[in-house]
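Following: one structure in structure tokens, then a few remarks.
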Amino acid sequence: LLLNRCDEMDGESLLRMVAVAFVWGITNPLLKRGSSGLEKVSDPSRNPLVQIIYEVCFLITNWRYSVPFVANQCGSVLFWVLLSSSELSTASPLVNAITFLFTALFARLFNREPLFTPRKVAGLALILLGVFLTVHAKS
């Protein structure tokens, strides 16, 4: 069923979906790496609102976080453009499933995280089940 739905899409839409998933998948582990050290940021006054401001300032001024963040947001803009020409019930689950795969691959490459853990396999299985149910419900 999923392959039939992909056959109904034009190649350009499928390429856009993979591009969005790639951008999100590559920036997710970079955002994780760039936010390293955030837990050490603290407000001496212990005011929760001031703590949030300190943390946001830390992230904004850290290029290792802000550059991937901007790229991630560009992926979000591309996703909105994609949704204007694709069916939401097909595009959204496919992009999210492919994003998960790219995130796992790039987390392995950039952060040396294990490629497959029981938790990641369970997450992938649930995502694929969700995509299958979504696509099956549409046909």
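No experiment lies behind these values; they were computed from the predicted model shown. Here, residue 1 is the first one in the sequence, and each next residue gets the next number.
Summarising the geometry, atom CG belonging to Asp43 is positioned 9.5 Å from atom CG belonging to Leu49; distances are rounded to the nearest 0.5 Å. For the atom pair CD of Glu55 and OG of Ser35, the computed distance is 10.5 Å after rounding to the nearest 0.5 Å. Rounding to the nearest 0.5 angstrom, the gap separating the CD1 atom in Ile98 from the CZ atom in Phe22 is 13.0 Å. Taking CG from Leu30 and CD1 from Ile26, the interatomic distance works out to 6.0 Å, rounded to the nearest 0.5 Å. If you take OG on Ser85 and CZ on Arg16, they are separated by 4.5 Å, rounding to the nearest 0.5 Å.
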Output a table of donor-acceptor pairs, distance under 3.5 Å, between side-chain atoms of residues 99-109 and any protein atom two or more places apart or on a different chain; print 'none' if there are none.
residue, atom, partner, partner atom, Å
Thr99, OG1, Val95, O, 2.7
Thr103, OG1, Asn28, ND2, 3.1
Thr103, OG1, Thr99, O, 2.8

For residues 64-77, run the donor-acceptor check on the side chains, cut-off 3.5 Å, and write out each pair with its distance to 0.1 Å, sequence neighbours left out.
residue, atom, partner, partner atom, Å
Ser66, OG, Asn62, O, 3.2
Asn72, ND2, Thr27, OG1, 2.8
Ser76, OG, Asn72, O, 3.4

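In the hydrophobic cluster analysis, where Ile, Leu, Val, Met, Phe, Trp and Tyr join through side-chain heavy atoms closer than 4.5 angstrom, Val20 is grouped together with Leu83. Using a 4.5 Å cut-off between side-chain heavy atoms of Ile, Leu, Val, Met, Phe, Trp and Tyr, with links allowed through other members, Trp24 and Ile127 fall into the same hydrophobic cluster. Under the 4.5 Å side-chain contact rule for hydrophobic residues, Trp63 and Phe58 do not share a cluster. In terms of hydrophobic clustering, with Ile, Leu, Val, Met, Phe, Trp and Tyr side chains grouped at heavy-atom distances under 4.5 Å, Met17 and Trp80 are assigned to a common cluster. Hydrophobic clustering, with ILVMFWY side chains joined whenever heavy atoms are under 4.5 angstrom apart, groups Val50 together with Leu59.
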Stepwise side-chain contact (heavy atoms from CB on, under 4.5 Å) check, Leu78 with Leu82:
CA-CA 6 Å; Leu78 183 58; Leu82 168 72; 5.7 Å; no
Exercise for review: Could you give me the CA-CA distance, side-chain angles and deciding distance for Cys57 and Ile53, then say whether side-chain contact (heavy atoms from CB on, under 4.5 Å) is met?
Suggested key: CA-CA 6 Å; Cys57 288; Ile53 293 169; 4.2 Å; yes
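With 3.5 Å as the limit, one finds no donor-acceptor pair spanning the side chains of Asn47 and Ser45.
Of the possible polar contacts, one joining the Arg33 side chain to the Phe110 backbone as a donor-acceptor pair under 3.5 Å is found. No side-chain donor-acceptor contact under 3.5 Å links Ser92 to the backbone of Leu88.
Of all heavy-atom pairs between Pro114 and Lys120, the closest is O-NZ, 2.7 Å. Nearest heavy-atom pair across Gln51 and Val41 is NE2-O, 2.8 Å.
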